[in-house]
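Notes to accompany the following structure.
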2 protein chains.
Amino acid sequence: MSGQSNFSIRCQNCSFNHLCIPVALNQTEMESLDDIIERKRPLHKNDQLTIPGQSFTSLFAIRSGSFKSYITSSDGEQQITGFHFPGDIVGFDGLHSQQYQSFTQAMETSMICELPYEKLDEMSSHLPALRKEMLKIMSTEINQDHSMMMILNKRTAEERLGHFLVNLSDRFSQRGFSSTEFNLTMTRNEIGNHLGLTVETVSRLLTRFQKENIISVDGKLIVITDEAALKGKIGQQLDDVSCSEKLGQRA
Amino acid sequence: MSGQSNFSIRCQNCSFNHLCIPVALNQTEMESLDDIIERKRPLHKNDQLTIPGQSFTSLFAIRSGSFKSYITSSDGEQQITGFHFPGDIVGFDGLHSQQYQSFTQAMETSMICELPYEKLDEMSSHLPALRKEMLKIMSTEINQDHSMMMILNKRTAEERLGHFLVNLSDRFSQRGFSSTEFNLTMTRNEIGNHLGLTVETVSRLLTRFQKENIISVDGKLIVITDEAALKGKIGQQLDDVSCSEKLGQRA
DNA sequence: CGTAACTTTGATTCAATTCAAAGCCCGTGG
DNA sequence: CCACGGGCTTTGAATTGAATCAAAGTTACG
């Protein structure tokens, strides 16, 4: 069974397979993976893909559209932990405790591939590449979260927003979209929430970047007109690991 | 081969096995795990267990002592991403790219168990419990990091420090140590770095908590004298997932 | 086409930082 | 054993980046 015929696009033909689990698999392995994937009907804007407490059954690969993930506190405050685009895998937060811990909400009409966890786990016992790829994806998420901690703790509002725009640009580019011209699917408020800033600050900064001729803003549409200047706004990047040799000497 | 005889303590007898990988394993499985673990000689204060760029070979279980993990940016700024105590597993950041991404540094004389990754991976192919436990530990780390994002973005200095102290208290308690009386192995500066605060702010807050008779501070020694009041300082907690049923209705 | 949600801009406030300066603790070496 | 010095901690005063408060525009969707 490879899912509902209406929505069947095979991993083999998926334009995002180079970003998704299949990247680590050979042809045969990809076919096995493809066999356990269930293609679901589209989700619409604001539909919840996962909710905290809901029993964990699957991981989800995003096929089209975009999602935000967020957690909430008992006073109703919400923290957006990430934005997700095609090729991204979501749901790893549910492995601990077998219940999803986050909301994952569609920001526009979106399609997903459901990867039933038990089948994935069983498959991974005889596919080392799959096993390692899953750990690798989670490791990447951990590293991104650590990098986010530095951004939130050490960077100014301007640097945070600069970093956010460059990050989006890179991710769109990896997906074959323009790196210099894209639509924000999230609101200013959501950007601010994720970056630890208020709406007003985000708005003011976008205006400022535009006045400085770094970007052009037209509602949701962002055009990066001076990429170098934008990168100049983001402060110092994470150390390249290549520095480790000199540091290694004192270990 | 079960490691150097000098430092051999078996998982079976380890007082932290209820927090560590063995928690998910039966007797036989634990023995297999025990066989691949290498016990190393102690690390001393400031020794580096991992360095960014160093080739990833192993995960490490902390047997005694304490560590901090941190990443650095090209301008030399450093961000402490976590503190680690006995039973904690570190090194997952290295799975992505096969190179460690963080520094992991001993904050005092400490002992570790090395878990060679290739052996662990091979073992996990025929031990589903081990396979799942590894994913679960990484998932827990992801959830902690997400919770950290909310703390950094939405909480005041007072709430952050309150949260930090309660978190330490809980972790010490899980490890069989006192939950109300403990030594900080980290400096005020390191606490501040992790929480996105300056040394001065951390110092002032500790003084304030003491004046309010919530804790008593004597250098590195903290005594929590009014646990309820301390918990009152930490702001609203993450939503308990039990709320999901009511929320689930609108999914 | 009306209305609710989102965005922008300005004025004011404030929590935490920065700057500054003592004081304290602990390990080390004479 | 005590004196010295470097790192850590505390406390105070001044500053500031971003938040908050306020209000007008704008967009888009039912």
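Keep in mind that the numbers below use all heavy atoms, side chains included, and drop hydrogens, waters and symmetry copies.
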Separation of [X] atom [atom1] from [N] atom [atom2], in whole Å?
X: B/E159; N: C/dA15; atom1: CD; atom2: C1'; value: 12 Å
X: A/L184; N: C/dA5; atom1: CG; atom2: P; value: 21 Å
X: B/L221; N: C/dC25; atom1: CG; atom2: P; value: 14 Å
X: B/N193; N: D/dT9; atom1: CG; atom2: P; value: 13 Å
X: A/N46; N: C/dA5; atom1: CG; atom2: P; value: 12 Å
X: A/N183; N: D/dA28; atom1: CG; atom2: P; value: 10 Å
X: B/L205; N: C/dT17; atom1: CG; atom2: P; value: 9 Å
X: A/I191; N: C/dT8; atom1: CD1; atom2: C1'; value: 14 Å

Exercise for the section: Please check if any side-chain donor atom of A/S179 sits under 3.5 Å from a side-chain acceptor atom of A/S173, or the reverse. Expected result: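 No, A/S173 and A/S179 have no side-chain donor paired with an acceptor closer than 3.5 Å.
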Problem - Modelled atom types, side-chain donor and acceptor of A/S66 and A/E108, under 3.5 Å - result: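 Distance-only check passes for A/S66 and A/E108.
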Below 3.5 Å between N/O atoms, which protein atoms pair up with nucleotides 17-24 of chain D? Just atom names and distances, please.
{"residue": "D/dA18", "atom": "OP1", "partner": "A/A157", "partner atom": "N", "Å": "2.6"}
{"residue": "D/dA19", "atom": "OP1", "partner": "A/G196", "partner atom": "O", "Å": "3.4"}
{"residue": "D/dA19", "atom": "OP1", "partner": "A/T198", "partner atom": "N", "Å": "3.4"}
{"residue": "D/dA19", "atom": "OP2", "partner": "A/T198", "partner atom": "N", "Å": "3.3"}
{"residue": "D/dA19", "atom": "OP2", "partner": "A/T198", "partner atom": "OG1", "Å": "3.0"}
{"residue": "D/dA19", "atom": "OP2", "partner": "A/T201", "partner atom": "OG1", "Å": "2.3"}
{"residue": "D/dT20", "atom": "O4", "partner": "A/R204", "partner atom": "NH2", "Å": "3.0"}
{"residue": "D/dC21", "atom": "N4", "partner": "A/E200", "partner atom": "OE2", "Å": "3.0"}

Problem - OP1 or OP2 of D/dT9 under 4.0 Å from side-chain N/O of B/S203 - result: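 For D/dT9, neither OP1 nor OP2 has a side-chain N or O of B/S203 closer than 4.0 Å.
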Practice task
Establish, with yes or no, whether the OP1 or OP2 oxygen of D/dT9 is under 4.0 angstrom from a side-chain nitrogen or oxygen of B/R188.
Solution key: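 Looking at the OP1 and OP2 atoms of D/dT9, one of them is under 4.0 Å from a side-chain N or O of B/R188.
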What are the atom names and distances for every N/O pair under 3.5 Å that joins the protein to nucleotides 26-29 of chain C?
none

Handout entry: NZ (A/K45) with more than 12 external heavy atoms under 6.0 Å
Key =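 Open.
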According to the interplanar angle, ranging from 0 to 90°, do the rings of [X] and [Y] count as parallel (below 30°), tilted (30 to 60°) or perpendicular (above 60°)?
X: B/F83; Y: B/H194; result: perpendicular
X: B/Y70; Y: B/F103; result: parallel
X: A/F60; Y: A/Y100; result: tilted

Practice task
May I ask you to establish whether A/K211 and A/F209 are in a cation-pi arrangement, using a distance under 6.0 Å from NZ or CZ to the six-membered ring centre and at most 45° from the ring axis?
Solution key: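 A/K211 over A/F209 ring: no.
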Handout entry: Electrostatic pair B/E158-B/R208, nearest N-O below 4.0 angstrom
Key =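 Salt bridge present between B/E158 and B/R208.
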Handout entry: Minimum-distance nucleotide to B/T187 side chain [options: C/dC6, D/dC8, D/dT10]
Key =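 Nucleotide nearest to B/T187's side chain: D/dC8.
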Exercise for the section: First locate atom CD of A/E77, then atom CG of A/N193, and finally report the distance between them rounded to the nearest 0.5 Å. Expected result: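 If I round to the nearest 0.5 Å, the distance is 8.5 Å.
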Exercise for the section: Look at all strands and tell whether A/K220 reaches a base, only sugar-phosphate, or nothing, counting heavy atoms closer than 4.0 Å. Expected result: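 Contact class for A/K220: sugar-phosphate only.
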